[in-house]
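Chain letters run A, B, ... following the sequence lines, proteins first, then strands; residues in each count from 1.
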2 protein chains.
Amino acid sequence: MANIREIAKLAGVSVSTVSRVLNNHPYVNEKKRAEILKIIEEQNYVQNSNAVHLSTGKTMVIGVTLPLVNNQYYSSIIEGIAAEAARHHYKLMVCQTNNNPEQERSVLHLLKNKKIDGLIMCSRSSSCETLNEYAGYGPIITCEANDTTSVSSVHIDHYQTFLIGMEYLIKKEHRRIGYCIGRKNSFNSQHRKRAYYEKLRSIDVTPSPEWAFEECLTIQDGKNVVGKLLQTEERPTAMIVSCNHIAAGIIKEASRLGLSVPEDLAVIGCDDQPIGELLEITTVSSSSTLMGKYAFEMLHERIWTQQLDGKKEEKELSPVLVERLTT
Amino acid sequence: MANIREIAKLAGVSVSTVSRVLNNHPYVNEKKRAEILKIIEEQNYVQNSNAVHLSTGKTMVIGVTLPLVNNQYYSSIIEGIAAEAARHHYKLMVCQTNNNPEQERSVLHLLKNKKIDGLIMCSRSSSCETLNEYAGYGPIITCEANDTTSVSSVHIDHYQTFLIGMEYLIKKEHRRIGYCIGRKNSFNSQHRKRAYYEKLRSIDVTPSPEWAFEECLTIQDGKNVVGKLLQTEERPTAMIVSCNHIAAGIIKEASRLGLSVPEDLAVIGCDDQPIGELLEITTVSSSSTLMGKYAFEMLHERIWTQQLDGKKEEKELSPVLVERLTT
DNA sequence: GCTTGCTCTGAAAAGCGTTCCACACATTAT
DNA sequence: ATAATGTGTGGAACGCTTTTCAGAGCAAGC
């Protein structure tokens, strides 16, 4: 297929002029512009974007990492990112990392070798050093709090979220409260647990290890929780659960095993997934779509101001209690 | 940052030799190779992928279009694509099109300007001509049946799916059966409707227009169906629904309004979304993840054999009935 | 001893568009 | 009338890597 040199030759002008036409530069004689456009049309010419990228040093692509693609929480974040990115003519490279630092590093690498202009990490498992290292090659935003010095973030205040949930349960006279979270040692989990333990301490309840469920990632994990709960000595009367999917598993299994919700077991979820609405699950919700939007905005600004050394910024989303039928 | 020329100069060799090292070409003296690798390491050098792409004419990126990112059905397809793509070192550019032909065209364009090596369209709204036109620039696979001459597809046999569902409902003695589908005129919908009408005709039932619900896309749309059902003269005793999300909406709303499922209203869904399992919805299921996997395989083969003019291929996935509690 | 066939290396072309600089010409301002 | 500003255009450098081709040197085979 034709290239810009060929178009220039056919139009009897220089490549510079053709390039100006392609980029809507004003300093081109209107008659010539029309002529050139006609030839471009005839030749069915389009720029080779790889040449453009090489030349400009930008790709108009941003990377997005997430542990797994098929998950509503991450999908909602991406939805927010995608809408905002589209407005600014950016494309998204969505990379599933399976929470594997190796795979994550390969995505960070895209920043170094200039395949992407910036990166949003919906979750990350790389070390702080790795992140700081790659932050030198292009802007990175995480959608979790992070402990680096240079990587900004937009995140839900998970401490606050669990706090609100716990306060609500306590107000409803629950004292034996269990929790259910995903990855045991993630940043998010640490904040959630801190709120959980602080709140229980504030009402002088000593939490039993039997009330704690970690590494709950699937609906089935949620279901399994109920079986274990039934075997505990002092069964919790309420569970605070990091996500509504798991909460749904708990609720379904509970009613299958004859526990009524919320009478025998109250359940409160902690996200804004639609399954929560469908199953009428009480939840402490923040909009993950909005988080995605903010993440893109922050990234975009950094891409344009090139502030690789810019100071770290943290934006926190405050959760809201949505009272429904499971508490 | 350093480029290949600089590395060559530092190592006292030509750029060709450095390039050979970078690409693991065998014909390089081992001592030199080690030396060059050391310098690459020291200089923290990596290839500029845009230059590589320009030179090789490949980007190792494939595009994926879908109407909206935040949807379990499409997410499962992407999951299948992503896993397979990762195995072959391809990255995914995920593009939300909102079922808008304009936006879809902008993605097809990526093929023309060489930003992607191939394209999987999880859904499409472009015309057949448009698709055929762009198929000349690179391989395209659709995850729906399509009526083009050149674009291959992997798809669920929606006709068969509805057929199985209808036969099952009829075997359960239902005669007044309604249906609920998404986009009114999509290829998929046409096949579904054909099965629906054929089956009803085979038992001499004249379908009422009141039993037909189209453009059902959200859970809320599903809920709305129930309200309308209650106002019909001859209420259907069963609904066949194109997706489990909508089915879930119907089921929830039905029980809220005092209709018991399946006694007053049987509901059968038609996909493999996890909400079906959670809510124990009977469903006619095909694995959308598997579909994604097949789509990538097919695309990958086409990318490597370059058969732009290859004959059209169609792979159909056969559905399976999963009997649960809503029928 | 001569031919074949490897192994290894470098020069140069090919892939393609953007942008800076210089220059020409035309206006407008002083 | 002269300086200053704006419009329009081309040449050439720049961004960077891959790949083809040509050739040198060396070993094995006949």
Side-chain angles (χ1 to χ4, degrees), chain A residues 1-37 39-40 43-61 109-117 137-138 306, chain B residues 1-37 39-40 43-61 109-117 137-138 306:
Chain A
M1 197 157 37
N3 60 27
I4 196 174
R5 264 165 249 273
E6 201 162 324
I7 301 296
K9 198 185 290 172
L10 287 169
V13 297
S14 70
V15 291
S16 325
T17 302
V18 179
S19 179
R20 283 189 197 99
V21 170
L22 292 169
N23 295 286
N24 287 311
H25 191 288
Y27 286 176
V28 180
N29 177 295
E30 281 311 319
K31 215 174 128 192
K32 259 186 193 166
R33 164 171 273 132
E35 171 76 4
I36 293 170
L37 283 172
I39 293 174
I40 285 174
Q43 298 291 312
N44 189 22
Y45 166 78
V46 288
Q47 285 146 296
N48 178 318
S49 56
N50 295 127
V52 177
H53 300 159
L54 173 60
S55 192
T56 59
K58 283 203 184 306
T59 60
M60 301 300 283
V61 176
H109 208 77
L110 300 177
L111 218 43
K112 187 168 179 182
N113 70 19
K114 301 197 196 291
K115 205 154 172 163
I116 57 178
D117 293 344
Y137 300 116
Q306 309 240 18
Chain B
M1 196 157 38
N3 60 26
I4 198 174
R5 253 167 264 276
E6 202 161 325
I7 302 296
K9 198 185 291 173
L10 287 169
V13 297
S14 71
V15 290
S16 326
T17 303
V18 179
S19 179
R20 283 189 196 100
V21 171
L22 292 169
N23 295 288
N24 288 312
H25 190 286
Y27 285 176
V28 180
N29 177 295
E30 281 312 319
K31 216 175 128 192
K32 259 187 194 166
R33 165 171 272 134
E35 170 77 5
I36 292 170
L37 283 172
I39 293 175
I40 285 174
Q43 298 291 314
N44 189 23
Y45 166 78
V46 288
Q47 285 146 296
N48 177 317
S49 54
N50 295 127
V52 176
H53 299 159
L54 173 60
S55 192
T56 58
K58 283 203 184 306
T59 60
M60 300 301 282
V61 176
H109 207 78
L110 300 177
L111 217 44
K112 186 167 179 184
N113 70 18
K114 301 195 195 291
K115 206 156 174 162
I116 56 178
D117 293 345
Y137 300 116
Q306 310 241 21

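Sorted by first then second residue, the salt bridge (Lys or Arg N to Asp or Glu O under 4.0 Å) pairs that include residues 14-30 of chain A, not counting sequence neighbours, are A:Glu30-A:Arg33.
Going from atom NZ of A:Lys58 over to atom C1' of C:dT19 covers 15 Å, rounded to whole Å. Following rounding to the nearest Å, A:Glu6 (CD) and C:dC16 (C1') show an atom-to-atom distance of 12 Å. Atom C1' of nucleotide C:dT7 and atom NZ of B:Lys31 are separated by 17 Å, given to the nearest angstrom. Regarding A:Lys9, its NZ atom lies at a distance of 19 Å from the C1' atom of D:dT9, rounded to whole Å.
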Can you name the atoms? Protein N/O to nucleotides 6-8 of chain D N/O, anything below 3.5 Å, with the distance.
residue : atom : partner : partner atom : Å
D:dT7   : OP2  : A:Tyr27 : OH           : 2.3

(request) Classify every nucleotide of nucleotides 23-29 of chain C by which part a protein heavy atom approaches to under 4.0 Å, writing B for the base, S for the sugar-phosphate alone and - for neither, in 5'-to-3' order. (result) -------

(request) Scan nucleotides 14-26 of chain D nucleotide by nucleotide, 5' to 3', and note B when protein non-hydrogen atoms come under 4.0 Å of the base, S if they reach only the sugar-phosphate, - if neither. (result) -BBBBBB------

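Residues satisfying the side chain to side chain donor-acceptor pair (under 3.5 Å) test with A:Ser55, not counting sequence neighbours, are none.
Rounded to the nearest 0.5 Å, atoms OH (B:Tyr45) and CG (B:Leu22) are 5.0 Å apart. If you take CD1 on B:Ile39 and NZ on B:Lys9, they are separated by 12.5 Å, rounding to the nearest 0.5 Å. Atom OG1 in B:Thr17 sits 13.5 Å away from atom CD1 in B:Ile7 (nearest 0.5 Å).
Considering only heavy atoms from C-beta on, A:Asn48 stays 4.5 Å or farther from A:Asn3 through its side chain. Residues B:Asn50 and B:Leu54 form no side-chain contact, since every pair of their non-hydrogen atoms from C-beta on lies 4.5 Å or further apart. Between B:Asn113 and B:Tyr137, every side-chain heavy-atom pair lies at or beyond the 4.5 Å cut-off. Residues B:Glu35 and B:Val21 form no side-chain contact, since every pair of their non-hydrogen atoms from C-beta on lies 4.5 Å or further apart. In this structure, A:His53 and B:Lys115 have side chains that are in contact, with non-hydrogen atoms separated by less than 4.5 Å.
The terminal axes of the helix from C:dG1-D:dC30 to C:dT30-D:dA1, fitted over 5 pairs per end, subtend an angle of 30° to the nearest 10°.
Test A:Leu111, A:Thr59, A:Leu110 against A:Asp117 for side-chain contact (heavy atoms from CB on, under 4.5 Å) and you get one pass: A:Thr59.
A distance-only check finds a donor-acceptor pair linking the side chain of A:Thr56 to the backbone of A:Val52 [under 3.5 Å].
Here A:Thr17 reaches the OP1 or OP2 of D:dG10: one of its side-chain N or O atoms lies under 4.0 Å away.
Within a 6.0 Å radius of NZ in A:Lys112, other residues, nucleotides and ligands contribute more than 12 heavy atoms.
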